[in-house]
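Atoms considered below: every heavy atom in the structure, side chains included; atoms not considered: hydrogens, waters and symmetry mates.
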Amino acid sequence: MGRLSRFFPTASIGAYLVAMAILATLPLLGFVIFLLWQLERSEYEALRQEAAQDAQTIGRNFERKLADMETTLRLLAGAAELNAGDLRAFHQRTASSLGTGSLYVLLVDKEGNQKLNTRVPFGVPLQRMTDLKTLNAVLASGNIEASGIFFGATSRQWVFNVVKPLSPRLSASGAALVLTQNAGDLVSLTSTDILPPAWSAAVIDVDNKVIVSSGSDNIPSGDQFPEHLVKLMVGSNQSAVTDHGGQETMLGYARVGDWPWRVAVWGPVSTAQASLASTWQSLIYGSLALLAVSLGIVLVAAQQLRRSIRQIANMAGRIGQGEIVSPEMTKVTEANQVAIALSNASFDRAQSEERIHFILQELVHRTKNILSLVQAMLRQLARGTDSVDELQKAVSGRLSGLAQSIEALAKQQWGGIPLSTVIELQLSAVVGSMSRIETRGEDLLANANAVQNLGLIFYELATNSVKYGALSVAEGRVLIEWVVIDGEDGARNLQLRWIEAGGPPVVKPSRQGFGTTVIERHAASAFGGRVVIDFEDTGLRWTLSAPLSAIENPQAHGEH
């Protein structure tokens with residue numbers, strides 16, 4: 001681009017705008033003429049693509065409908081009434097849930113005998129279901145399947161089924177659940193509003209029978225789809241053209257997801273291209289008029305742009321000198337936006353400089369606190385460890401837990417994280433799963449200091465439990481609960497408990513190691529509270545009572 005710039009003369013913005021208008025409009029006129037020459041072919045190809053896309057759109061409508069029916073079947077299969085074998089209650093609940101729509105539920109045995117049908121009251125004698133083919137296929141495969149169109153014996157109209165096999169443990173109640181849908185009630189899903197005039201749409205089953213149709217042809221449900229169109233439907237999502245009866249007909253088709261149905265949209269090509277010539281003729285005349293008008297507008301706009309650019313350049317120069325500037329308003333909206341942005345930038349620049357100084361001070365403060373905590377940890381661990389490898393292992397695990405707490409705080413910009421998240425973060429790292437750990441209490445936002453210290457405490461409690469306590473055996477459980485208590489002096493206190501159960505017999509340690517120091521003395525000191533540790537036969541009980549203000553972030557309630 002730098003080499004090309006030497007071929008451009010130095011000129012005013014007005015001259016460049018005029019040249020741009022001419023250079024933009026003349027190629028447009030030439031392109032329009034080229035389009036007129038290729039119009040019929042390009043529009044023809046576009047129509048083919050749109051036909052395939054329209055078929056896919058309708059196919060997605062039916063895919064969502066079948067997916068909803070599949071979801072409904074899964075929910076019904078888990079109904080308590082069905083699992084209890086109370087078919088009357090199941091019939092009543094299902095009929096009430098489906099309401100007065102066009103969906104009905106059948107419960108059948110493996111021979112197809114209906115045990116209930118929500119189309120009729122419970123207890124009315126029922127005959128075998130009509131769609132035995134789909135039932136046998138479902139029982140053989142064990143998967144949910146959709147049937148083709150058929151004339152229902154009970155409904156006396158064209159319907160289709162979605163069938164789900166039931167678990168063998170429900171064999172006393174039935175072998176399969178069937179959700180049957182009146183085909184005619186789905187005509188709205190084949191809406192032809194998106195199609196050209198005189199076009200039609202239809203959904204066909206695996207036997208090429210029409211499930212539902214709409215549009216000018218409107219093939220009745222249950223009829224065979226035209227054979228000359230069926231032969232064109234090769235592949236999953238395509239379009240094709242045929243000359244039938246002296247008229248060129250275009251067909252778009254698509255599969256309905258993973259279901260054995262297909263969607264077809266078809267109609268005469270001539271109706272889709274009727275307004276094409278007049279549209280492009282108007283485009284040519286409009287382009288010529290646009291060239292004349294644009295040249296006049298460009299000359300006026302150039303003057304405004306020159307003035308606006310000079311004003312903005314002046315603002316930029318003042319910002320470069322370190323000033324906070326107010327925006328210069330012009331007649332050009334975009335220029336005004338730039339002016340406002342420059343003004344805001346001058347103000348933000350001053351604020352950013354102040355914030356950088358604040359962040360640097362805060363970073364130094366937090367780094368000192370973390371290093372002090374790590375130093376204290378190393379000193380304490382070194383006293384109780386004779387092996388370098390043991391020291392390295394002990395330090396590595398605790399530093400990893402501390403790093404997780406710091407990383408979580410950093411993501412929240414040191415604004416604190418929920419207490420439940422602190423618990424899950426530390427215990428998941430040690431235990432691997434929260435399946436045997438229950439938390440109970442109204443969640444609160446822990447401040448940065450509490451997150452780091454509680455992280456160390458929960459790490460030690462979890463590590464001790466995995467080694468010696470409840471989490472060392474499969475049947476062991478841990479309950480972590482907390483409650484806020486109003487003190488007599490009006491201050492609010494937090495009581496946090498760690499309760500183990502189901503583990504091996506508890507033995508009070510003979511000596512106080514680093515873990516005991518953390519969960520007892522460090523916990524009490526860090527929060528200005530009191531720690532009670534009970535080595536009960538049923539399991540370790542650890543309780544921390546501390547002022548709520550030492551743990552909760554005051555911003556959780558809008559305090560500053």
Side-chain angles (χ1 to χ4, degrees), residues 38-67 146-151 157-160 181-280:
Q38 286 195 325
L39 178 59
E40 184 175 358
R41 179 176 178 82
S42 61
E43 187 66 17
Y44 189 82
E45 292 300 322
L47 184 60
R48 291 192 60 163
Q49 294 179 8
E50 290 172 2
Q53 291 171 359
D54 292 340
Q56 292 175 29
T57 299
I58 296 175
R60 284 192 289 270
N61 292 339
F62 276 85
E63 184 180 5
R64 285 193 292 270
K65 175 64 178 178
L66 292 173
S147 73
I149 190 76
F150 64 93
F151 196 78
Q157 58 181 299
W158 292 98
V159 298
F160 67 86
Q181 167 75 59
N182 299 338
D185 294 329
L186 299 184
V187 67
S188 61
L189 298 183
T190 61
S191 173
T192 56
D193 294 343
I194 60 175
L195 302 178
W199 279 48
S200 304
V203 180
I204 59 178
D205 64 15
V206 70
D207 297 320
N208 296 323
K209 290 183 178 181
V210 174
I211 297 174
V212 65
S213 175
S214 64
S216 59
D217 288 351
N218 196 19
I219 304 173
S221 296
D223 284 8
Q224 287 292 135
F225 193 67
E227 185 177 357
H228 70 280
L229 295 179
V230 172
K231 293 179 179 179
L232 299 175
M233 299 171 68
V234 179
S236 298
N237 304 294
Q238 295 291 337
S239 60
V241 180
T242 182
D243 192 341
H244 186 71
Q247 186 179 48
E248 192 176 27
T249 300
M250 183 169 289
L251 169 73
Y253 54 93
R255 293 191 62 85
V256 180
D258 296 327
W259 303 90
W261 295 357
R262 289 182 292 180
V263 176
V265 297
W266 72 97
V269 176
S270 58
T271 61
Q273 295 181 320
S275 61
L276 193 59
S278 60
T279 301
W280 286 106

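With rounding to the nearest 0.5 angstrom, the CD atom of Gln49 is 10.5 Å from the CD atom of Gln238. For the atom pair CH2 (Trp158) and CD (Gln181), the distance works out to 16.0 Å, reported to the nearest 0.5 Å. The distance from atom CG of Asp243 to atom NE2 of His228, rounded to the nearest 0.5 Å, is 10.0 Å. Separating the CD atom in Glu45 from the OG atom in Ser239 is a distance of 8.0 Å, to the nearest 0.5 Å. Here Trp259 contributes atom CH2 and Ser147 contributes atom OG; the two are 10.5 Å apart, rounded to the nearest 0.5 Å.
A donor and an acceptor atom, one from each side chain of Asp217 and Trp266, are located under 3.5 Å apart.
Residues Thr242 and Leu229 are in side-chain contact: their nearest non-hydrogen atoms beyond the backbone lie under 4.5 Å apart. Residues Ile219 and Pro226 are in side-chain contact: their nearest non-hydrogen atoms beyond the backbone lie under 4.5 Å apart. Under the 4.5 Å side-chain criterion, counting only non-hydrogen atoms from C-beta, Met233 is in contact with Phe225. Two residues are said to be in side-chain contact when any heavy atoms from C-beta on lie closer than 4.5 Å; Leu66 and Phe160 meet this criterion. Taking 4.5 Å as the limit, every side-chain heavy atom of Phe62 sits out of range of all side-chain heavy atoms of Ile211. Side-chain contact between Val206 and Trp261: absent, with no pair of heavy atoms (C-beta onward) separated by less than 4.5 Å.
Here the closest heavy-atom approach between residue Tyr253 and residue Leu232 is recorded as OH-O, 3.3 Å. Counting all heavy atoms, side chain and backbone alike, Ala198 lies closest to Pro268 at O-CD, 3.6 Å. Of all heavy-atom pairs between Leu186 and Lys65, the closest is CD2-CE, 3.8 Å. Nearest heavy-atom pair across Ala201 and Leu195 is CB-CD1, 4.1 Å. Closest approach of Asn208 to Gln224, counting heavy atoms only: O-NE2, 3.4 Å. Minimum heavy-atom separation, Ile58 to Val265: CD1-CG1, 3.8 Å.
In terms of modelled atom types and a separation under 3.5 Å, the side chain of Trp199 and the main chain of Ser216 share no donor-acceptor contact. Asp205 places a side-chain N or O within donor-acceptor distance of the main-chain N or O of Asp207, the cut-off being under 3.5 Å. Remark: side-chain polar atoms of Ser191 are not paired, donor with acceptor, to backbone N or O of Ser188 under 3.5 angstrom.
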